[in-house]
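Remarks on the structure that follows.
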Amino acid sequence: MYDALTGRFTFACPARGEARVTLSAFRQLERLPGAAHPAVYRVLFECGCGEEHEGLVSHDDLDWAPLGLDGGVFFNFMTSKLDSVAAELEDAAVRRLQAGEWPWSFFCYPEERPRPVFPSSFFLLAPGDGSLGLAVQCPACQRTSVNLVSHQHVDVPWHNDAEIRVVEHLFAEDRARMIEEFREELYSARFDARRIDI
Ligand SMILES: [Zn+2]
Ligand SMILES: [Zn+2]
């Protein structure tokens with residue numbers, strides 16, 4: 001599903017048989033109800049054939065495979081610590097996490113602070129003028145922020161943009177309304193650049 005060498009997810013494409021795409025080619029992510037362990041996400045992605053298709057990604061593939069880990073690690077967002085299961089793993093990614101380095105981060109606008117995050121908290125992505133509009137549901141406060149980031153910020157774990165742009169807007173709680181607002185705000189150019197030191 002995820003190939004760590006190329007940093008790509010493999011999905012089915014009705015035209016080409018197979019599509020290999022990076023995380024930044026995802027357009028929508030939605031956690032499926034029911035399957036709690038492991039959680040499964042329905043993904044809408046932009047395919048190289050020019051169409052958008054749906055695919056399924058497990059939580060482990062989404063958050064841990066890009067780090068070279070296959071699950072079993074749990075990050076506690078309330079304490080900002082990895083849970084004890086990680087202590088037994090001798091892995092470079094785990095050591096970096098324990099040292100407080102973050103593979104992904106975003107700027108939470110309602111809280112006015114940068115926060116660590118994992119891709120399962122991303123839920124809308126839209127390509128813009130060279131950058132990527134990224135809607136994140138904050139794992140700490142549950143509210144939505146939209147950041148403008150580089151493709152590497154999303155695709156390359158441990159690459160965090162030093163500065164990102166933040167949409168200055170408090171988004172609706174309701175998903176359908178939120179998606180509408182996301183599109184409106186993304187093209188309104190009401191952004192503010194924030195430093196993100198993580
Ligand atoms: Zn396709
Ligand atoms: Zn927050």
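Computed from a prediction, not measured in an experiment: that's the story for all the values here. Order of appearance sets the numbers: ligands from 1, and atoms from 1 within every ligand. Numbering of residues begins at 1 and proceeds along the displayed sequence.
- Nearest to the Zn ion (ligand 2), among the N, O or S atoms that Glu111 has, is OE1.
- Within a 6.0 Å sphere centred on CD of Glu51, heavy atoms belonging to other residues, nucleotides or ligands number 12 at most.
- Salt-bridge annotation for Glu168 and Arg194: present, with a side-chain N of the basic residue lying under 4.0 Å from a carboxylate O of the acidic one.
- To the nearest 10 degrees, the Zn ion (ligand 2) sees SG of Cys108 and SG of Cys138 at an angle of 120°.
- His53 contributes NE2 as its N, O or S atom closest to the Zn ion (ligand 1).
- Take the Zn ion (ligand 1) as the corner point: the lines to SG of Cys13 and to SG of Cys47 open at 110°, to the nearest 10 degrees.
- Side-chain contact annotation: Gln152 with His159, donor-acceptor N/O pair under 3.5 Å absent.
- Results of the ring pair (Phe, Tyr, Trp, His ring centres under 6.0 Å) test with Phe26 over Tyr41, Phe9, Phe123 single out Phe9 as the only residue that passes.
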